[in-house]
Protein chains: 2
Amino acid sequence: MDTTKKRHTDNKEADILHAAEREFLSKGYAGARTTAIAEAAGVTHAMLHYYFRTKEQLFKRILDEKLRLMGQSVLAAFGQPELPLMARIKDGIERHFDFIAANPELPRFIVNEIFAHPERYELMQENIRVLLNPLQYSLQQELDESAARNDTEPIDARMLLIDIISLNVFAFIAFPIIQPLLGDLTADREHFFAQRKQENIETIMRRLKKL
Amino acid sequence: MDTTKKRHTDNKEADILHAAEREFLSKGYAGARTTAIAEAAGVTHAMLHYYFRTKEQLFKRILDEKLRLMGQSVLAAFGQPELPLMARIKDGIERHFDFIAANPELPRFIVNEIFAHPERYELMQENIRVLLNPLQYSLQQELDESAARNDTEPIDARMLLIDIISLNVFAFIAFPIIQPLLGDLTADREHFFAQRKQENIETIMRRLKKL
DNA sequence: ATTTGCATTAACAAAATTGTTAATTACATA
DNA sequence: TATGTAATTAACAATTTTGTTAATGCAAAT
């Protein structure tokens, strides 16, 4: 029926939210145009103000959802405590990588908007902390136990998570820059990112292994 | 004499460029205001158009300079071929890290603006490639020789560089997000980044070492 | 001293962008 | 069917933002 990507439903409020997500994610708050959102949603731009009052309020709806999604993705990726440590971490890297691959615009969007307006972030902070603190502690405990058994190197769980997220996220963020520089390597996008995934797993596993 | 940060010289063109750099780096092209640039530079905004015609042309001056700087920083960091391989790479990581630490806004700026307008990047691409290709080849050659001697693990030089740049850049990009989540760890900013630097070196050295 | 050319300003203008409002339509329910 | 509420539109308005222009200043060369 509808061959276009943007399926307009009978729910204009949802259509606007959907169009806003695309506009804000790709252009950021400053670059986004409410008129463009309305047009993409197939409504007059007065409707946008009718449902969401202001650009800022509409934006906040999107940002909050994406912040929650980002936090949950980390939790979902590493929250498999039944596995042994190394398997748990390897599995976590893969899940987290796959999530970023499925949402490649998300990290840049969040990083930018938090940087531009840190105060927007303040309300969400506590929620995310509550979500991620238990993960941090359970992971740290496992790491400490494993290190005590001399199975792996001792490491701060937070540093390890930053390592993993750095490796998983950066290639997606920087892809438009490195692609023209590494033409052949990145020619097949799927293959390049499959390689990156393996490289990240290898790098982190080696970070933890006893030498 | 002048206790303010923005030293206005007798050269208004330079003052505008300096103010434009600060505005564009912190807000991006879409968020930057030419009136704010003119005000920060202490000139009427007509002067901005007199010297640079359009916002776009002024922006391009800044972007080109920053792209060149970013490319040169990688070259300068790893272009010390007299050292043995592991020392060369460790030294490169440190130099590159220090450059990012001294220019923490740069990666986000470049990543964003290239993503928003890839066509702006086309002219610079070839310059950067010419700059970085010799580095890539000399590094690959050393890596291959070292691996042939069974001193280190075999690895693609481009993948290694992406690993290093990912680790070095991401903590700076994401700092506003992780700081509120990891309050105590990041309380002393200097100390946190000193730790990150050591962590990155450790991670990459282990990536290369024979097990 | 006059001319010439660049630098500078104030005022203006055009377009874009966000937001409002009053009138109209659709729709459910009494 | 009448009525009340929500949805929708077109027109308007305010502000912001980029860019132009014509007049003026200023300093060096003729």
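If you're wondering where the values come from, they're calculated on a predicted model, not measured in any experiment.
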By nearest atom, which of the nucleotides [options] is closest to the [X] side chain?
X	options	result
A/H49	C/dT20, D/dA10, C/dA10	C/dT20
A/R53	C/dT20, D/dT9, C/dT9	C/dT20
B/A46	D/dT17, D/dT21, D/dT9	D/dT21
B/H45	C/dT18, D/dG19, D/dA10	D/dG19
A/K55	D/dT18, D/dA7, C/dT18	C/dT18
A/M47	C/dC6, D/dG19, D/dA7	D/dA7

Electrostatic pair [X]:[Y] at N-O distance under 4.0 angstrom:
X	Y	result
A/E126	A/R129	yes
A/D64	A/R68	no
B/E202	B/R206	yes

(message) Once you apply a heavy-atom cut-off of 4.0 Å, does B/A32 come out as touching a base, just sugar-phosphate, or nothing?
(response)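 Counting heavy atoms under 4.0 Å across all strands, the contact made by B/A32 is with sugar-phosphate only.
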(message) Do B/R120 and B/Y29 form a cation-pi contact, if we require the NZ or CZ to be under 6.0 Å from the six-membered ring centre and within 45 degrees of the ring's axis?
(response)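 That pair qualifies as a cation-pi contact.
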(request) Would you kindly check if the NZ (Lys) or CZ (Arg) of B/R189 is within the cone defined by 45 degrees around the ring axis of B/F175 and under 6.0 Å from the six-membered ring centre? (result)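 Satisfied, under 6.0 Å and within 45°.
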(message) With a 4.0 Å cutoff (strictly under), does any side-chain N or O of A/T34 reach OP1 or OP2 of C/dT17?
(response)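 False: A/T34 side-chain N/O out of range (4.0 Å or more) of C/dT17 OP1/OP2.
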(message) Counting only side-chain nitrogens and oxygens, does A/Y51 get under 4.0 Å of the OP1 or OP2 atom of D/dT8?
(response)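 Yes, within the criterion.
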How many whole angstroms separate atom [atom1] of [X] from atom [atom2] of [N]?
X	N	atom1	atom2	answer
A/L48	D/dA10	CG	P	16 Å
B/R33	C/dA16	CZ	C1'	11 Å
A/K12	C/dA26	NZ	P	11 Å
B/F59	D/dT18	CZ	C1'	16 Å
B/N11	C/dC6	CG	P	16 Å

